[in-house]
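Below is a structure I'd like to ask you about.
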Amino acid sequence: MAIRIDGKALAAQVKERVRQEAERLPRRPGLAVILVGENPASKVYVNGKEKDCAECGIISFPYKLPEETTQEELLALIRRLNEDEAVDGILCQLPLPKALDEDLVIHSILPEKDVDCFHPFNVGRMSIGDPVFLPCTPAGVMEMLRAYEIPVAGKRCVVLGRSNIVGKPMAMLLNQADGTVTVCHSRTPDMAALAREADILVSAVGRTGLVTADMVKEGAVVIDVAMNRDENGKLCGDVVFDEVEPKASYITPVPGGVGPMTRAVLMQNILTAAKAHQK
Ligand code: GUN
């Protein structure tokens, strides 16, 4: 039976370290949180991030904008926040309403305030192994592997999904930790066969029921990044937990696994930004 990786407990430790360091800074770190529209999942995520900020002694400046917000209005707000010295980090919750250009918005955030690590400058720095900020979800996963002393070097790692936010940076960090990484996606023939070769399997697709026991090697480490809703509206991941748990050596639950660690790394990134600004 797999050991369950307790993301909630680990995240609490990380946040406590951030709180202690933030307390010693001359000025409390500040995060601007922009939410455009009424996406219910985004509202939940943003509330969680604001709660984490409060726990870490970080001031959050919420900007809840209507669905009809124009591109120009949003860019004007970001320009203002880029200049605001009380704001160390700017987080614009994705997805944005269809009328807005996400790439343009991400590119308009000053790289030194891009605590999500979405800006091409920061993605580039991370990809050459000289990061300014860490990509929150992938770095949260790496922190879990470190905390449970799960080696990556020399291991076969398979990442399901190739999004800019999770799949791609996840593959990069595993590669930098000397894993041998395969990235699977919607056009991959026989994904199950590749998944079965994994010592470390990371699923970041967003499809309930995707990872079944027959896709998992005996003793594999199974990391579930997805945040889906099942038919009853209950939060669940990609992994069919009950049937995979007996086969895996380690497994992350949903909720209580990767999600809290993503938010904890965000807090670390805000601290990093604040330290740089207050030097
Ligand atoms: N939407 C889903 N995940 C994230 C995230 O980590 N940051 C932002 N800004 N939006 C998201």
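Start at 1 and go down the list; that is how both ligands and their atoms are numbered. In this chain, numbering begins with 1 at the start of the sequence shown.
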Ligand 1 versus Arg263: contacting region, heavy-atom distance under 4.0 Å: neither
Expected output: side-chain Asp114 to main-chain His119 donor-acceptor under 3.5 Å: yes
Backbone or side-chain N or O of Cys92 under 3.5 Å from ligand 1 N or O: yes
Distance from atom 7 (N) of ligand 1 to nearest protein heavy atom, with residue and atom: Asp116 OD1, 3.1 Å
Hydrophobic cluster identity match, Val132 and Leu266, side-chain contacts under 4.5 Å: yes
Lys/Arg-Asp/Glu bridge criterion (N-O < 4.0 Å) met for Lys247, Glu218: no
Distance-only N or O hit between ligand 1 and Gln93, under 3.5 Å: yes
Minimum-distance protein heavy atom relative to atom 10 (N) of ligand 1: Leu94 N, 3.0 Å
Side chain to side chain donor-acceptor pair (under 3.5 Å) assessment of His277 paired with Glu112: CA-CA 9 Å; His277 290 146; Glu112 71 191 44; 3.2 Å; yes
Side chain, backbone, both or neither: the part of Tyr45 lying under 4.0 Å from ligand 1 by heavy atom: neither
Side-chain donor or acceptor of Lys113 paired with backbone N/O of Asn82 under 3.5 Å: yes
